[in-house]
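Just so we're clear, the structure is a prediction, and the values are computed from it rather than from any experiment.
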Amino acid sequence: MEIIRTKRMRVSLDYIVQKNWTEYRQLLLPLAFGLLTSINALAQGEGEIEKVEIEIVKSREVSVPQASRNFEKIAPRPVEPIKPEISYQFKNLSFNVPDYNPVIRPLRLKSESISKIYGNYVSAGLGNYTSPYAEAYLTNKRNKNKYYGLKFFHRSFMSGPVDDKNSASGNTNIRLFGKSMTNNVAVGGFLNYENTAAYFYGYQPGSVVADRSSIRQDYNIVSVGGEIENSNLSNFTYDLKAGYSYLTDHYSASEGEVNLNFLSQYKIDAKKRVIINGDYYLINRKDALINPNARHIFKAKPAYQFTPMDKLTLTVGANIVVENDTIGKQNGLHVYPNLNGSYQLSPNVEGYAALTGDIDKVSLHSLSRENVWVNSNIDIFNTNRTLDFLAGLRGKVSGKVSFSTGLSYATLKNFYYYQSGAGTLRSKFDVVYDNGNTQRFNFFGELGYSNESFKVSARGDYYSYSTSIANQIMNQNNFEKTALNRPTYRVTVNSSYNIFEKVLISADFIAQGGIKALDLDTNTLTSLTSAADLNCKVNYFVSKQFSVFLNFNNVLSSNYQLYLNYPVRGFQVMGGASWNF
């Protein structure tokens with residue numbers, strides 16, 4: 001086997017770099033020519049190509065020295081004066097251009113749709129004690145110049161706490177109203193009918209009533225009235241109201257009442273104003289044993305309101321009353337102070353005080369609304385409030401909590417009380433008057449909280465009376481002085497909670513006590529059971545127009561009396577539905 005030897009040729013790159021390109025070319029050309037010749041000869045001769053290995057070794061690094069560059073600044077050219085010199089002339093150019101009236105087309109937003117309002121309302125329900133309920137409120141919608149409507153209400157109980165139907169009751173009210181407004185004046189009026197039905201069920205327990213109509217009582221009241229007031233913004237404002245009301249009962253009593261009420265004030269500046277108010281009442285009553293008699297009350301209340309210093313507002317005036325009541329020996333002309341003041345103790349707290357007096361109107365209208373079981377042919381006289389002082393604090397905290405607290409003291413002449421009779425007359429109340437001065441103290445406090453879904457308000461009153469009325473009735477010098485059938489304390493709480501605008505829960509609580517009554521059958525002073533009445537109502541809104549409700553009254557089923565011999569109904573429940581349209 002023939003061994004082929006390989007010739008190695010080594011060419012130094014150092015040598016190549018050191019030579020210039022000409023020498024390099026002269027060296028490579030013969031070398032390449034010789035190499036090709038050898039290859040050709042081998043190919044033609046022996047057929048073998050001799051293997052040659054060329055190795056180029058780089059062992060030298062080429063470095064170029066850094067060149068230096070010189071920059072020379074160009075010298076500024078000398079300033080040459082310009083000849084001839086340039087002169088400038090400034091002239092005002094006046095030119096007229098035609099007016100340009102661009103056509104602007106503002107973007108018109110789509111008007112928002114007016115939300116639909118439901119000015120009409122009907123509601124009906126039924127509860128235990130066979131108690132139907134119906135209510136309706138119908139009125140016009142969205143008219144800035146006038147409004148008018150009809151209101152209807154009815155609630156009755158076919159039975160009650162004593163002898164079923166003998167303690168039934170009911171109330172019905174129908175009212176037409178309307179008002180028209182212009183830029184300067186607003187005129188309104190109303191026509192009203194009201195019926196209150198009840199039975200004298202305070203008779204001796206176990207007594208047999210042969211004829212229910214003999215213990216029935218009905219009060220029917222028809223009234224009409226009008227009002228005119230200014231509707232523009234001016235320094236002088238006024239409001240004049242006039243009305244007439246006529247009452248009849250189940251027996252022979254009737255009473256007509258005319259009333260005129262005027263309110264006005266003139267604003268001198270931001271801190272001063274003159275206030276002039278006035279009232280007139282004409283009352284004409286007749287009964288089976290009472291001849292028709294006319295009673296007049298005229299009141300004038302001029303006052304001046306001003307701000308003598310920062311945060312202090314004062315009202316100084318008088319209350320002048322002329323009346324013709326015949327009880328006792330009293331002058332028909334009365335003059336009382338009319339002083340009011342308020343001081344801003346802080347941004348959220350205000351102190352206030354008042355010193356006034358007045359003649360408080362008492363009529364068959366007012367007595368029948370307060371106590372439906374009053375007797376026939378009763379004496380009716382006005383109450384002379386000779387002095388009435390009031391002072392307290394009121395304010396708000398964080399915009400959601402409001403409070404008020406204070407006290408009042410009043411001296412009253414001819415103050416009236418209710419006194420039940422004896423025997424067969426124990427179910428009816430006479431009206432008795434204190435010929436002396438009744439002194440009344442009242443301490444009160446009020447607290448309220450309101451947010452978007454929850455509202456609550458609470459008020460508490462404590463009363464203290466000093467009177468000689470019991471002595472006059474019993475003709476005993478050692479008899480306890482007390483205000484008959486008047487509570488010494490009263491607490492009221494009202495609240496509502498709206499759950500996701502679907503469920504509205506309302507609750508109110510009334511508690512009062514300290515009522516004492518004189519029982520002429522036993523000649524004893526009786527303390528009536530304290531009243532604690534809890535009422536709840538739940539409304540579920542099926543839609544914006546339709547809802548259902550449940551009412552619960554006297555949930556605690558308290559057996560209390562507001563007047564002697566007259567217990568109230570126990571637990572009451574009523575269900576119904578309401579529709580707005």
Q: Check whether Phe200 forms a cation-pi arrangement with Lys428 (NZ or CZ under 6.0 Å from the six-membered ring centre, at most 45° off the ring normal).
A: yes
Q: Between Tyr418 and Phe429, how do the two ring planes meet: parallel, tilted or perpendicular, split at 30° and 60°?
A: perpendicular
Q: Side chains of Asn171 and Thr196: donor-acceptor distance under 3.5 Å anywhere?
A: yes
Q: In a table with atom names and distances, give each donor-acceptor pair under 3.5 Å that connects a side chain of residues 149-162 to protein atoms at least two apart or in another chain.
A:
{"from": "His154", "atom 1": "ND1", "to": "Thr172", "atom 2": "OG1", "distance (Å)": "2.8"}
{"from": "His154", "atom 1": "NE2", "to": "Ser156", "atom 2": "OG", "distance (Å)": "3.1"}

Q: Does the side chain of Tyr137 come under 3.5 Å of the side chain of Ser123 through a donor N or O and an acceptor N or O?
A: no
Q: side-chain hydrogen bond (donor to acceptor under 3.5 Å, both in side chains) between Thr139 and Tyr121: does it pass, once the steps are laid out?
A: CA-CA 9 Å; Thr139 184; Tyr121 166 83; over 6 Å; no
Q: Whether Arg486 engages the ring of Tyr416 as a cation-pi pair (distance to the six-membered ring centre under 6.0 angstrom, angle to the ring normal within 45°) should be assessed.
A: yes
Q: Indicate the ring-plane relationship of Phe415 and Tyr417, choosing parallel, tilted or perpendicular according to the 30° and 60° boundaries.
A: perpendicular
Q: Check the surroundings of atom NZ in Lys179: do more than 12 heavy atoms from other residues, nucleotides or ligands lie under 6.0 Å from it?
A: yes
Q: According to the interplanar angle, ranging from 0 to 90°, do the rings of Phe454 and Tyr449 count as parallel (below 30°), tilted (30 to 60°) or perpendicular (above 60°)?
A: tilted
Q: Would you say Asp325 and Asn382 are linked by a side-chain donor-acceptor pair, where the criterion is simply a distance under 3.5 Å?
A: yes
Q: Are Lys544 and Glu501 close enough for a salt bridge, meaning some N to O gap below 4.0 Å?
A: no
Q: Quick one: side chain to side chain donor-acceptor pair (under 3.5 Å) partners of Asn442, sequence neighbours excluded?
A: Asp461
Q: So, taking the atom named OH in Tyr304 and the one named CD1 in Ile275, what distance separates them when rounded to the nearest 0.5 Å?
A: 11.0 Å
Q: Do Asn259 and Asp279 have a side chain donor and acceptor closer than 3.5 Å?
A: no
Q: What is the minimum heavy-atom distance between Gly317 and Leu339, and which atoms define it?
A: N-CD2, 4.2 Å
Q: Can you measure from NZ (Lys272) to NZ (Lys267) and round to the nearest 0.5 angstrom?
A: 13.5 Å
Q: Quick one: does Ser180's side chain get under 4.5 Å of Asn145's, heavy atoms only?
A: no
Q: Determine yes or no for a side-chain-to-main-chain donor-acceptor pair under 3.5 angstrom, with Asp533 supplying the side chain and Ser557 the backbone.
A: no
Q: Which distance, rounded to the nearest 0.5 Å, do you find between the CG of Asn539 and the NZ of Lys502?
A: 12.0 Å
Q: Sub-3.5 Å donor-acceptor pair from the side chain of Asn128 to the main-chain atoms of Phe571, do we have one?
A: yes
Q: Side chains of Asn375 and Asn377 only: does a donor on one sit below 3.5 Å from an acceptor on the other?
A: no
Q: Quick one about Tyr199 and Arg212 (side-chain donor to acceptor, distance below 3.5 Å, no hydrogens or angles considered), yes or no?
A: yes
Q: Roughly how far apart are Asn580 CG and Gln545 CD, rounded to 0.5 Å?
A: 7.5 Å
Q: A side-chain contact here means heavy atoms from C-beta on lying under 4.5 Å apart; do Ser376 and Asp287 qualify?
A: yes
Q: Take Asn220 and Asn195, measure what side-chain hydrogen bond (donor to acceptor under 3.5 Å, both in side chains) needs, and give me the verdict at the end.
A: CA-CA 5 Å; Asn220 295 284; Asn195 170 263; 2.7 Å; yes
Q: Answer yes or no: does atom CZ of Phe500 have more than 12 heavy-atom neighbours from other residues, nucleotides or ligands under 6.0 Å?
A: no
Q: Mind checking the CZ-CG spacing from Phe541 to Leu504? Nearest 0.5 Å is all I need.
A: 5.0 Å
Q: Tell me whether Lys396 is salt-bridged to Glu350, with the criterion being a basic N under 4.0 Å from an acidic carboxylate O.
A: no
Q: Hey, is the main chain of Val493 close enough, under 3.5 Å, to the side chain of Asp508 for a donor-acceptor pair?
A: no
Q: Assign the ring pair Tyr563 / Trp373 to parallel, tilted or perpendicular, where the plane angle (0 to 90°) is split at 30° and 60°.
A: perpendicular
Q: Would you say the side chains of Asn384 and Tyr336 form a donor-acceptor pair under 3.5 Å?
A: yes
Q: Is the shortest distance from a Lys or Arg side-chain nitrogen in Arg216 or Asp218 to a carboxylate oxygen in the other one below 4.0 Å?
A: yes
Q: Taking the six-membered ring for Trp and the full ring for Phe, Tyr or His, determine whether the centres of Phe549 and Tyr540 are under 6.0 Å apart.
A: no
Q: Any donor-acceptor pair under 3.5 Å linking the side-chain atoms of Glu255 with those of His365?
A: yes
Q: Using a cut-off of 6.0 Å, state whether more than 12 heavy atoms not belonging to Phe381 lie near its atom CZ.
A: yes
Q: Could you walk me through whether Tyr280 and His296 pass the side-chain hydrogen bond (donor to acceptor under 3.5 Å, both in side chains) test, one step at a time?
A: CA-CA 7 Å; Tyr280 176 73; His296 304 268; 2.9 Å; yes
Q: After noting the C-alpha distance and the side-chain angles of Arg369 and Glu194, does the key distance pass the salt bridge (Lys or Arg N to Asp or Glu O under 4.0 Å) rule?
A: CA-CA 11 Å; Arg369 285 190 172 95; Glu194 182 179 2; 3.2 Å; yes
Q: Is Lys361 close enough and on-axis enough to Tyr281, meaning under 6.0 Å and within 45°, for cation-pi?
A: yes
Q: On a heavy-atom basis, which atom in Gln305 and which in Thr313 lie closest, and how many Å separate them?
A: CG-CG2, 4.0 Å
Q: Would you kindly check if the NZ (Lys) or CZ (Arg) of Arg273 is within the cone defined by 45 degrees around the ring axis of Tyr266 and under 6.0 Å from the six-membered ring centre?
A: no
Q: Is NZ or CZ of Arg394 both nearer than 6.0 Å to the six-membered ring centre of Tyr352 and within 45° of the ring axis?
A: yes
Q: Looking at Asn183, I'd like to know if its CG atom is crowded, meaning that more than 12 non-hydrogen atoms belonging to other residues, nucleotides or ligands lie closer than 6.0 Å.
A: no
